[in-house]
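Below you'll find the structure, written out as structure tokens, and then a few comments.
In what follows, chains carry the letters A, B, and so on, assigned in the order in which the sequence lines appear, proteins first and then strands, with residues in each chain numbered from 1.
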Amino acid sequence: MSTNTDVAKIFNAMATILEIKGESGFKINATVKVARVLENLVEDIATIEDVTTISGIGKSSASKIKEFLESGEISSYEELRQSIPPGLLEVMRVQGLGPKKVRQLWQEADVVDIASLRTAIDTGKLDNLPRMGKKTIENIADALSFVESTSNRERLGIALPIAESILEELQKLPGITHSAIAGSIRRGKETIGDIDLLVSTTEPSLLAETFCELEGISKVFAHGETKCSIRLGSGMQVDLRIIDEEQFGAALLYFTGSKEHCILLREIAISQDKKLNEYRLEPADISATEEAIYKDLQLPWIPPEIREDRGERACKNTPNLLTINDIKADLHCHTTASDGHMSIEELATIAKARGYHTIAVTDHSQSQGQANGLKPDRLLKHIDAIHAVNETMDGITILAGSEVDILPDGTLDYDDELLAKLDIIVASPHAALSQSTEDATKRLLAAIEHPLVHIIGHPTGRIINKRKGLEPDMTTLIAAAVEHNTALEINANSYRLDLRDIHIRAAAEAGAMLSMNTDSHRPEDFEQLRYGILTARRGWLEASRCINCMEHDVLQTWLVRN
DNA sequence: GCCGTTTTCGGCCCGACTGTTTTCAGTCG
């Protein structure tokens, strides 16, 4: 919800300003925590009667939130904001510049924003400041150029293959005993800040040297005995940790994060008179595997995707999250009939090779002119063609479907008589994706309630790092999806990952069904499935709540349920 | 600022690396 995001942004900004002003770190952490809680909240904060019932939000923050909801601003934030130059928040984004240095730059060198920082460097204004040597200024200048040229976190679909290829390269070295990708990639976050690799080896110097001399490196930040850090030409930062083999589990746990989960574990350790760090759990000196550490903390092993301090502490057993092997059907794919690059036969052959029992052909509907959407007469012929191929192929059921546009007013792009001829209907929003929350909710609600619709495809229409998409009232949509037994899609394409993790979790907990689809247009698109799986797992999804995990006949029954 | 089988005060996660110092502050994850 956008209100939640708006308020979260204010709390994040407040925290940064408090840092620059040198306030207590605990107060700052508490403020950041409020922002994080709001970011992860599915319900609109305005609909919650007493926000102090939410852990992390106390009286003081509650009154600030209330003030924002009533007046659209927070007076104490406005005061804070006026106490420092607004551009300093941007300066804080420069790597290597924290609150202390930023304050020093402001007070002693008149730096008020990115532009004046650049000027200060170029005119030598920083040269005589205390603890500001040549090397430090060089590093700031370099990091500044980086901020000026780029800003976004990279998509999981970009970062994961890069991480895999670097790790593969390092694994060729002699002496390697263990290796893993850690960090937010292992947790399956939709965007990645940097790549974390862990390796244990009998030849640490060779490993570090090779890593720091990999092809395509634009900068080496650190080249230590246990930590090396580089930036690739593409802008991604890659950190390598060189780990003692017998401490691999403790390191993997620590560097997988999230930070919040690690803090949670250390707090649990302290409450049991133990101490956890990146090397071991004391006093029992447990370090070899994650499982052993969790066990000693009296917790089940927690899957990386849910290590976010969003309630995993209460797990009595390891949650049975769905895996890629649970997927037995893909219910949203395109052929050459619209904008795909595969024939019906090709699509079915690939699906069969992946071990699926069912594949749905869901080409675009008539409004999607740019995607060669099918007019009714073409759709009728396409349905016949799909059924004909289905007759000729054994071991796979090919469904004649459509990805029907949900038009801005909530009506569908074909009339009901035509829709009734289809085996499966995925209804998706494609245009008018900047509607108000109210309009978007009405629009999607109409589709969910439509008796012929099986699945709502990429419900928000967002494109990661590019387009915000719709911001419907998700609580309302989920309730309707449960009532009408309409599945909400998890579009696995790494540009979309739509629904996103927190909404998947809310939907599954409310009893809604979800549908995991690749939206494949080309053969290689089927490989996007793993990003959808990671996202679903982040949403605590179990196979029992995903229609693509149903056995053949169960799915058939589900499709004709209405 | 938040929290509480240690409840209304006292505590809040932990260590590596860099650059600048000469014993450590700042930043990062």
### Query
Just checking A:G56: base, sugar-phosphate only, or nothing, at a heavy-atom cut-off of under 4.0 Å?
sugar-phosphate
### Query
Base, sugar-phosphate alone, or nothing: which one does A:H261 contact when heavy atoms must sit under 4.0 Å apart?
nothing
#### Entry: Atom-to-atom span, CD1 of A:I140 to P of B:dT18 - whole angstrom
16 Å
### Task
Measure the distance from CG on A:L264 to P on B:dC14 and round it to the nearest whole Å.
13 Å
### Query
Just checking A:K259: base, sugar-phosphate only, or nothing, at a heavy-atom cut-off of under 4.0 Å?
base
### Message
Output the rounded distance in Å from CG (A:L198) to P (B:dA16).
### Response
15 Å
#### Entry: N-O pairing of A:E78 and A:R81 below 4.0 Å
yes
### Task
Answer yes when A:R280 and A:D285 have at least one side-chain N-carboxylate O distance shorter than 4.0 Å, and no when they do not.
yes
### Salt bridge A:R231-A:D142, side-chain N to carboxylate O under 4.0 Å
yes
#### Entry: Distance in angstrom units between A:D244 CG and B:dA16 C1', rounded
15 Å
### Task
Ignoring the backbone of A:T226, work out which of B:dG29, B:dC2, B:dC17 is nearest its side chain.
B:dC17
For nucleotides 24-28 of chain B, give me every protein contact, N/O to N/O, under 3.5 Å, one pair per line with atom names.
residue : atom : partner : partner atom : Å
B:dT27  : OP1  : A:G98   : N            : 2.7
B:dT27  : OP1  : A:G98   : O            : 3.0
B:dT27  : OP1  : A:K101  : N            : 2.9
B:dT27  : OP2  : A:K100  : N            : 3.3
B:dT27  : O5'  : A:G98   : N            : 3.4
B:dC28  : OP1  : A:G96   : N            : 2.6

### Query
A:T136 side chain N/O closer than 4.0 Å to the phosphate oxygens (OP1, OP2) of B:dT18?
no
### Query
Tell me, do A:D194 and A:V238 make a side-chain contact under 4.5 Å, heavy atoms counted?
no
### Task
May I ask you to verify if any side-chain N or O of A:S60 is less than 4.0 angstrom from the OP1 or OP2 atom of B:dG1?
yes
### Message
For B:dC2 and A:S55 - does any side-chain N or O of the residue sit under 4.0 Å from the phosphate oxygens OP1/OP2?
### Response
no
### Summary
Separation of B:dG15 atom P from A:L253 atom CG, nearest Å, is 15 Å
### Query
What is the distance from CD of A:E225 to P of B:dG15, rounded to the nearest Å?
18 Å
### Query
Roughly, in whole Å, what's the span from CD1 in A:I74 to P in B:dG1?
13 Å
### Summary
If pairing means Watson-Crick or G-U wobble with both distances under 3.5 Å, then the partner of B:dG29 is B:dC14
### Message
Looking at A:R307, is its backbone amide N or carbonyl O close enough to the side chain of A:S258 to form a donor-acceptor pair, meaning the two atoms are under 3.5 Å apart?
### Response
yes
### Task
With the side chain of A:I270 defined as its heavy atoms from C-beta on, choose the nearest nucleotide among B:dC3, B:dC17, B:dC14.
B:dC14
### Query
Residues from residues 272-285 of chain A sitting under 4.0 Å of DNA chain B, heavy atoms only?
A:K275, A:L276, A:N277, A:E278, A:Y279
## Note on the structure
Within residues 19-39 of chain A, those residues having any heavy atom closer than 4.0 Å to DNA chain B are A:F26, A:K27, A:A30
### d(CG, A:D196; P, B:dA16) in whole Å
16 Å
